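What follows is a single structure, written as structure tokens, with notes after it.
Just so it is clear, the model here is predicted, and its values are computed rather than measured.
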Amino acid sequence: MAAKAGAAASFMFMLFLLNTACHAQLSPAFYDSSCPNALSAIRTAIRSAIASDRRMAASLIRLHFHDCFVQGCDASILLDETSSIESEKTALGNLKSARGYNVIDKAKTEVEKICPGVVSCADIIAVAARDASAYVGGPSYAVKLGRRDSTTASRTLANAELPAFFESLESLISRFQNKGLTARDMVALSGSHTLGQAQCFTFRERIYNHSNIDAGFASTRRRRCPRVGSDSTLAPLDLVTPNSFDNNYFKNLMQNKGLLQSDQVLFNGGSTDSIVSEYSRNPARFKSDFGSAMIKMGDIGLLTGSSGQIRRICSAVNN
């Protein structure tokens with residue numbers, strides 16, 4: 001028994017060292033010498049996209065999240081379907097809802113013009129999420145760089161690991177803990193929903209059948225989301241300031257005005273109520289925690305060094 005315990009401890013220590021080594025290879029200054037204008041090129045592309053479509057800010061933050069939760073932050077979400085790749089774009093959590101692929105492609109094209117084959121698509125997604133946050137009033141934070149791109153994707157894994165709109169608090173906490181993120185990280189990251197929109201089919205059950213919802217709020221939402229039909233009709237997750245990165249999302253939850261079940265469970269008599277309450281009173285703390293959680297999320301499942309590749313086109317593996 002002692003030998004087995006020792007072997008297990010040794011294995012866990014080796015995993016820790018490997019994880020630490022991968023993280024150590026990432027640095028905000030990673031491209032300072034190899035492509036010094038990369039970040040400005042990405043920022044210009046992202047700002048242009050959001051100026052044309054304000055909702056794109058939320059979409060780019062969500063794209064980074066959905067990338068990192070499946071195989072790690074490796075740009076697997078960008079790969080198109082082929083005979084050997086099952087695209088994550090058609091997973092349940094992404095199909096007809098994930099957006100921003102074309103924006104990342106545009107940023108990649110601009111970066112390739114100045115530094116061909118240097119900057120990974122995975123890093124571009126991470127930088128795009130940060131730039132999107134900053135552009136709409138959210139926090140700016142130092143993005144660690146040096147990720148490499150995967151040569152595989154998994155729709156099966158995406159269907160299994162992306163959180164769903166109907167999940168319980170316990171299930172959500174477990175999903176995030178499995179990725180090395182705390183309940184506080186989860187609540188902070190959920191705050192970006194203040195920018196998002198949801199399709200009618202994702203909140204129909206809540207506005208017609210749930211009791212922990214403000215009656216006036218439910219009535220307003222029913223006007224554009226009937227019991228049958230209009231499945232893809234969009235509604236903002238934040239009624240008050242849907243185009244600004246602020247803490248109104250948390251204030252809404254405290255008034256039972258969370259549109260999705262997976263939002264309202266964050267404030268429903270459970271273990272995260274106090275965090276929601278704190279963020280509703282302290283927007284600076286929310287933004288600080290959000291930036292920290294995004295950095296932490298960006299460390300999930302990294303490919304660095306000689307692992308993976310630097311894709312020339314984000315939607316396809318290099319020949």
Side-chain angles (χ1 to χ4, degrees), residues 19 57-73 77 91-94 97-98 125-126 129-130 132-133 138-139 141 143-144 157-196 198 202-203 206 212 237-238 245-254 256-302:
N19 197 43
S59 298
L60 291 171
I61 294 171
R62 184 173 185 258
L63 194 66
H64 183 38
F65 168 61
H66 280 214
D67 181 41
C68 291
F69 260 56
V70 182
Q71 295 192 170
C73 309
I77 194 171
L92 296 176
N94 294 326
S97 65
I125 297 176
R130 186 272 310 278
S133 166
Y141 47 90
V143 178
K144 292 188 285 184
L157 202 58
N159 283 332
E161 299 206 345
L162 290 176
F165 59 86
F166 51 78
E167 290 195 47
S168 68
L169 178 62
E170 292 72 21
S171 175
L172 290 171
I173 289 175
S174 176
R175 283 191 185 277
F176 279 75
Q177 285 179 339
N178 288 341
K179 302 298 180 183
L181 298 169
T182 66
R184 177 173 283 271
D185 294 328
M186 178 187 74
V187 176
L189 291 170
S190 297
S192 66
H193 288 184
T194 193
L195 299 167
T202 65
F203 59 84
R206 175 154 168 73
N212 63 335
L237 295 174
D238 175 10
F245 194 108
D246 55 31
N247 66 334
N248 273 322
Y249 167 81
F250 302 107
K251 296 177 181 179
N252 292 338
L253 295 185
M254 295 184 69
N256 283 337
K257 293 180 180 178
L259 187 58
L260 300 176
Q261 175 179 320
S262 54
D263 286 327
Q264 193 59 58
V265 295
L266 302 182
F267 190 84
N268 195 41
S271 60
T272 55
D273 281 17
S274 60
I275 305 172
V276 171
S277 179
E278 178 185 359
Y279 289 161
S280 75
R281 299 188 311 268
N282 192 336
R285 180 61 186 271
F286 157 53
K287 290 184 177 182
S288 174
D289 284 359
F290 176 81
S292 297
M294 288 290 282
I295 293 170
K296 193 173 175 182
M297 184 180 74
D299 283 341
I300 297 174
L302 300 175

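Nearest heavy-atom pair, H64 versus A129, reported as atom, atom and distance to 0.1 Å: CB-CB, 3.8 Å. Shown here for V70 and A158, the closest heavy-atom pair between the two residues is CG2-CA, 3.6 Å. Heavy atoms only, all atoms of each residue included: M297 and L181 are closest at N-CD2, 4.0 Å. Closest approach of G298 and C68 over heavy atoms only: CA-SG, 4.4 Å. Between M294 and Y141, the shortest heavy-atom distance links the atoms CE-OH, 3.3 Å. Taking all atoms of both residues into account, the shortest heavy-atom contact from G291 to P139 is N-CG, 4.2 Å.
Side-chain N or O atoms of S171 include none that pairs as donor or acceptor with a backbone N or O of S168 at under 3.5 Å. Using modelled atom types, one side-chain atom of N159 and one backbone atom of L92 make a donor-acceptor pair closer than 3.5 Å. Between the side chain of Q264 and the main chain of L253, a donor-acceptor pair closer than 3.5 Å is present. Between the side chain of E167 and the backbone N or O of A164 there is at least one donor-acceptor pair closer than 3.5 Å. In this structure, the side chain of T272 does not engage the main chain of I275 through any donor-acceptor pair within 3.5 Å. The backbone N or O of G270 lies less than 3.5 Å from a partner atom in the side chain of D273, making a donor-acceptor pair. Remark: side-chain polar atoms of S280 are not paired, donor with acceptor, to backbone N or O of F250 under 3.5 angstrom.
Two residues are said to be in side-chain contact when any heavy atoms from C-beta on lie closer than 4.5 Å; L63 and S59 fail this criterion. Contact check for R184 versus Y279: side-chain heavy atoms found under the 4.5 Å cut-off. Looking at H193 and D238, their side chains never come closer than 4.5 Å, going by heavy atoms from C-beta outward. Residues I61 and F290 form a side-chain contact, since some pair of their non-hydrogen atoms from C-beta on lies under 4.5 Å apart. Side-chain contact check for F203 versus F166: every heavy-atom pair is 4.5 Å or farther apart. P283 is not listed as a side-chain neighbour of D246, based on a closest heavy-atom distance of 4.5 Å or more.
A donor-acceptor pair shorter than 3.5 Å cannot be found between the side chains of N247 and T194. Looking at H66 and N94, their side chains do bring a donor and an acceptor atom within 3.5 Å of each other.
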(message) Using the rule given for side chain to side chain contact (heavy atoms under 4.5 Å, CB included), can you reason through M186 versus L169, listing the C-alpha separation, both sets of side-chain angles and the distance that settles it, and then say yes or no?
(response) CA-CA 10 Å; M186 178 187 74; L169 178 62; 3.9 Å; yes

(request) Tell me, with the steps shown, if D185 and T182 meet side chain to side chain donor-acceptor pair (under 3.5 Å). (result) CA-CA 5 Å; D185 294 328; T182 66; 3.1 Å; yes

(request) For E170 and S271, run side chain to side chain contact (heavy atoms under 4.5 Å, CB included): C-alpha distance rounded to whole Å, both residues' side-chain angles, the deciding distance at 0.1 Å, then the answer. (result) CA-CA 9 Å; E170 292 72 21; S271 60; over 6 Å; no

(message) Pair R206, L260 - check side chain to side chain contact (heavy atoms under 4.5 Å, CB included), show working.
(response) CA-CA 7 Å; R206 175 154 168 73; L260 300 176; 5.8 Å; no

(request) Evaluate side chain to side chain donor-acceptor pair (under 3.5 Å) for N256 paired with N212, printing each intermediate quantity in order. (result) CA-CA 6 Å; N256 283 337; N212 63 335; 5.2 Å; no

(request) In sequence, state the C-alpha distance, the side-chain angles, and the governing distance for F286 and F245, and then conclude on ring-ring contact (aromatic ring centres under 6.0 Å, His included). (result) CA-CA 11 Å; F286 157 53; F245 194 108; 5.5 Å; yes

(request) Could you walk me through whether S190 and D263 pass side chain to side chain donor-acceptor pair (under 3.5 Å), step by step? (result) CA-CA 8 Å; S190 297; D263 286 327; 5.3 Å; no

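Between the CG atom in L266 and the OG atom in S277 there is a gap of 13.0 Å [rounded to 0.5 Å]. A distance of 14.5 Å separates CG in L237 from NZ in K257, rounded to the nearest 0.5 Å. Between atom CD of residue Q71 and atom CG of residue L302 there is a gap of 13.0 Å, rounded to the nearest 0.5 Å.
Aromatic ring centres of F69 and F176: separated by under 6.0 Å.
Under 4.0 Å is where a charged nitrogen must lie from a carboxylate oxygen, and between R285 and E278 at least one such pair does.
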